[in-house]
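Below, read A as the first sequence line, B as the second, and so on, with proteins coming before strands; counting in each chain starts at 1. Keep in mind it's a predicted model, so treat the numbers as computed, not measured.
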There are 2 protein chains.
Amino acid sequence: MENINKFQTISKQALQRLPYYLNFLKSQKAKKQSNTSASMIAEGLRLNQVQVRKDLAAVSSGGRPKTGYGTEDLISDIEQFLGYNNTHDAILIGAGNLGRSLLSYKGFEECGMKIVAAFDIDKHVAGTEAGGHPIFPMEKLEDLAGRLKVKIGIIAVPAESAQEVCDLLVGSGILAIWNFAPVYLDAPEDILIQNENMAASLAVLSKHVEEKFGR
Amino acid sequence: MENINKFQTISKQALQRLPYYLNFLKSQKAKKQSNTSASMIAEGLRLNQVQVRKDLAAVSSGGRPKTGYGTEDLISDIEQFLGYNNTHDAILIGAGNLGRSLLSYKGFEECGMKIVAAFDIDKHVAGTEAGGHPIFPMEKLEDLAGRLKVKIGIIAVPAESAQEVCDLLVGSGILAIWNFAPVYLDAPEDILIQNENMAASLAVLSKHVEEKFGR
DNA sequence: ATTATATCGATATTTCGATATCGATATAAT
DNA sequence: ATTATATCGATATCGAAATATCGATATAAT
């Protein structure tokens with residue numbers, strides 16, 4: 001059936017659970033489980049049944065009483081919803097330690113993102129390549145990003161230059177930024193900034209250890 | 001039902017904002033700003049004033065009307081609170097692409113975490129080193145982790161083996177796990193699992209692009 | 001000294017996500 | 001065919017986090 005409300009809003013939290021469902025569903029498929037219910041996912045991932053059911057309702061309408069969802073159907077509904085099928089191009093800025101490992105990571109494409117070019121301020125780095133991606137000097141960014149109509153930018157530069165790079169990206173027509181620098185980025189409201197801050201995660205970890213273990 | 005920790009007076013969300021405050025405060029310090037108010041932080045990070053004030057109240061009591069907080073005092077209060085001062089040892093499992101770049105990342109120590117050893121299932125990898133850290137075979141994990149009294153484990157293995165590694169870590173007395181595998185880990189309730197799932201972040205990004213741009 | 005004001009810190013309100021409840025229904029069992 | 005039940009999906013409730021409001025107070029300006 002058609003999803004009637006195509007502008008249906010799903011919460012960021014729910015969105016972030018979907019990849020976990022996907023992973024679970026794929027393991028179900030590997031086990032030849034042709035049907036999977038919301039309750040099974042909830043149990044496997046130790047989540048609340050209703051929460052899973054609500055999340056799935058936003059993505060698929062193929063659920064049937066007693067049997068649940070067709071495993072493969074649900075997989076493809078989620079992938080469709082997340083846009084894994086039509087790949088978005090991305091550019092990466094900052095080919096240092098982190099940048100290079102992102103460039104050589106092979107898992108992005110199956111999540112619908114393809115890094116098409118990388119840029120670095122360092123003239124010695126520009127001209128080389130990493131993970132099969134060419135690295136260009138920063139001066140080429142605006143022109144290339146515009147011509148390739150790239151919509152996603154990945155910031156892997158040091159904290160000090162992150163805002164500058166952000167401005168450059170916004171100026172080049174980027175719609176979403178994946179920010180690996182540990183700073184808040186100031187950008188227009190319609191630009192999505194997704195922060196991947198290791199320090200923030202670490203804060204949760206070490207606080208827990210402090211509390212459990214005293215210091 | 002929910003195990004409320006009475007000593008935990010701060011939410012996970014607030015905890016994750018602290019590193020951003022820290023970064024902002026350090027840039028203030030670099031600008032010779034000896035005092036910083038909650039309102040300044042809120043404006044700089046585009047957050048709600050009250051939210052920042054509440055977060056700060058949980059970590060410091062040095063705020064004064066009209067002047068705000070002493071920049072350096074607040075920095076050290078936050079660092080103290082997050083445990084950046086007394087370093088926790090960690091071990092990393094899985095010296096593949098991702099694992100190796102985590103091993104060579106230099107920023108963890110200033111956040112109070114030090115990777116003391118790495119492990120890998122592959123006999124060819126064990127015996128080598130990465131980022132100045134020795135890599136041991138998996139068999140040595142339990143013994144080493146126990147003797148070194150390590151409390152943090154970092155999982156950087158493929159999805160398939162993540163649960164197995166998790167069990168091993170829990171058995172070795174680990175208190176908190178930083179999980180880079182895109183799977184839900186089943187562990188006792190008092191073990192903290194902090195998931196770092198790139199696919200989840202990507203989901204948010206690409207959904208945004210889909211919505212803004214159509215296909 | 002008096003006044004104005006920026007900021008803190010406490011309390012109230014709102015918002016939003018998580019959870020509980022319950023009726024509807026497709027399937028399996030009898 | 002009838003009945004039992006697992007599951008869906010909708011609605012209601014709950015709770016935590018975000019935000020608004022406001023009084024108290026330290027500092028600066030007059």
Side-chain angles (χ1 to χ4, degrees), chain A residues 1-5 8-18 20-21 24-25 28 33-71 73-74 77-78 184 200 203-204 207, chain B residues 1-18 20-21 24-25 28 33-71 73-74 77-78 184 200 203-204 207:
Chain A
M1 287 196 197
E2 280 301 307
N3 192 352
I4 292 162
N5 181 7
Q8 182 156 30
T9 63
I10 185 170
S11 73
K12 206 170 180 174
Q13 287 89 329
L15 213 40
Q16 300 196 75
R17 283 189 291 270
L18 294 179
Y20 287 93
Y21 299 168
F24 182 82
L25 288 163
Q28 290 290 102
Q33 201 81 39
S34 65
N35 286 291
T36 305
S37 68
S39 348
M40 289 165 78
I41 298 179
E43 177 168 5
L45 271 52
R46 294 286 194 285
L47 293 171
N48 182 288
Q49 275 201 356
V50 183
Q51 186 177 54
V52 175
R53 200 163 288 134
K54 239 178 106 189
D55 291 348
L56 295 185
V59 171
S60 177
S61 52
R64 290 189 310 180
K66 193 83 176 179
T67 47
Y69 290 81
T71 306
D73 293 343
L74 189 49
D77 280 348
I78 294 178
Y184 165 82
V204 178
K207 190 68 194 159
Chain B
M1 290 284 266
E2 195 60 36
N3 191 1
I4 303 288
N5 185 344
K6 61 162 80 170
F7 298 107
Q8 179 152 354
T9 54
I10 189 169
S11 72
K12 201 171 183 175
Q13 287 90 328
L15 213 40
Q16 300 196 76
R17 282 189 292 269
L18 294 179
Y20 286 94
Y21 299 168
F24 182 81
L25 288 164
Q28 289 290 103
Q33 201 81 38
S34 63
N35 287 290
T36 306
S37 68
S39 348
M40 287 165 79
I41 298 179
E43 177 169 4
L45 271 53
R46 294 286 193 287
L47 293 172
N48 182 288
Q49 275 200 355
V50 182
Q51 185 176 54
V52 175
R53 200 164 286 135
K54 238 178 107 190
D55 291 349
L56 295 184
V59 292
S60 177
S61 52
R64 290 190 309 182
K66 193 81 179 181
T67 47
Y69 292 80
T71 306
D73 295 342
L74 190 50
D77 280 348
I78 295 178
Y184 165 82
V204 178
K207 189 67 195 162

Report task. Please determine, for the side chain of P65(A), which listed nucleotide (dC8(C), dT19(C), dT7(D)) has the closest atom? Result ->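 Side chain of P65(A) sits closest to dT7(D).
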Report task. Name the closest nucleotide to the Y69(A) side chain, picking from dT27(D), dG9(D), dC8(C). Result ->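 The answer is dG9(D), which lies nearest to the side chain.
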**Report entry** Any R64(B) side-chain N or O less than 4.0 Å from OP1/OP2 of dA24(D)
**Finding:**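 Result: no.
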Requested in this report: Report yes if at least one side-chain N or O of S37(B) is closer than 4.0 Å to OP1 or OP2 of dT7(C); otherwise report no.
Outcome: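 It does, given that an N or O in the side chain of S37(B) lies less than 4.0 Å from OP1 or OP2 of dT7(C).
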Rounded to whole Å, please give me the gap between [atom1] in [X] and [atom2] in [N].
X	N	atom1	atom2	result
K66(A)	dA26(C)	NZ	C1'	9 Å
R46(B)	dA18(D)	CZ	P	19 Å
N48(B)	dT14(C)	CG	C1'	12 Å
I41(B)	dT7(C)	CD1	P	12 Å
M40(A)	dT7(D)	CE	P	8 Å
L47(B)	dA17(D)	CG	P	16 Å
Q13(B)	dT19(D)	CD	P	12 Å
L18(A)	dG17(C)	CG	C1'	15 Å

**Report entry** Separation of Q28(B) CD from T71(B) OG1 (nearest 0.5 Å)
**Finding:**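 Going from OG1 on T71(B) over to CD on Q28(B), the span is 6.0 Å.
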Query raised in the report: How far does OH of Y69(A) sit from OG of S34(A), to the nearest 0.5 angstrom?
Result: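 Result: 15.5 Å between the selected atoms.
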Taking all non-hydrogen atoms of both residues, which atom of [X] and which atom of [Y] are closest, and how far apart?
X	Y	result
I10(A)	A58(A)	CD1-CB, 4.1 Å
T36(A)	F24(A)	CG2-CE2, 4.2 Å
Y20(A)	Y184(B)	CD2-N, 3.9 Å

Requested in this report: Under 4.0 Å between any heavy atoms, over every strand shown, what does A38(B) touch: base, sugar-phosphate, or nothing? Just pick one.
Outcome: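 If one applies the 4.0 Å heavy-atom cut-off, A38(B) turns out to touch the sugar-phosphate alone, with no base involved.
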Query raised in the report: Is the count of non-hydrogen atoms from other residues, nucleotides or ligands lying under 6.0 Å from E43(B) atom CD greater than 12?
Result: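 At most 12 heavy atoms, drawn from other residues, nucleotides or ligands, come within 6.0 Å of this atom.
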Report task. Scan residues 49-60 of chain B against DNA chain D and write down, sorted by residue number, each residue with any heavy atom closer than 4.0 Å; if none is found, say none. Result ->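 Under 4.0 Å from DNA chain D: V50(B), Q51(B).
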**Report entry** Any-strand Watson-Crick or G-U partner of dT30(D), both distances under 3.5 Å
**Finding:**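 Partner of dT30(D): dA1(C).
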Query raised in the report: Does dA12(D) have a Watson-Crick or wobble mate here (both distances under 3.5 Å), and if so which one?
Result: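 Matched dA12(D) with dT19(C) under the 3.5 Å cut-off.
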Report task. Answer yes or no: is there a side-chain heavy-atom contact under 4.5 Å between L25(B) and I78(B)? Result ->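 Yes; the side chains approach each other to less than 4.5 Å.
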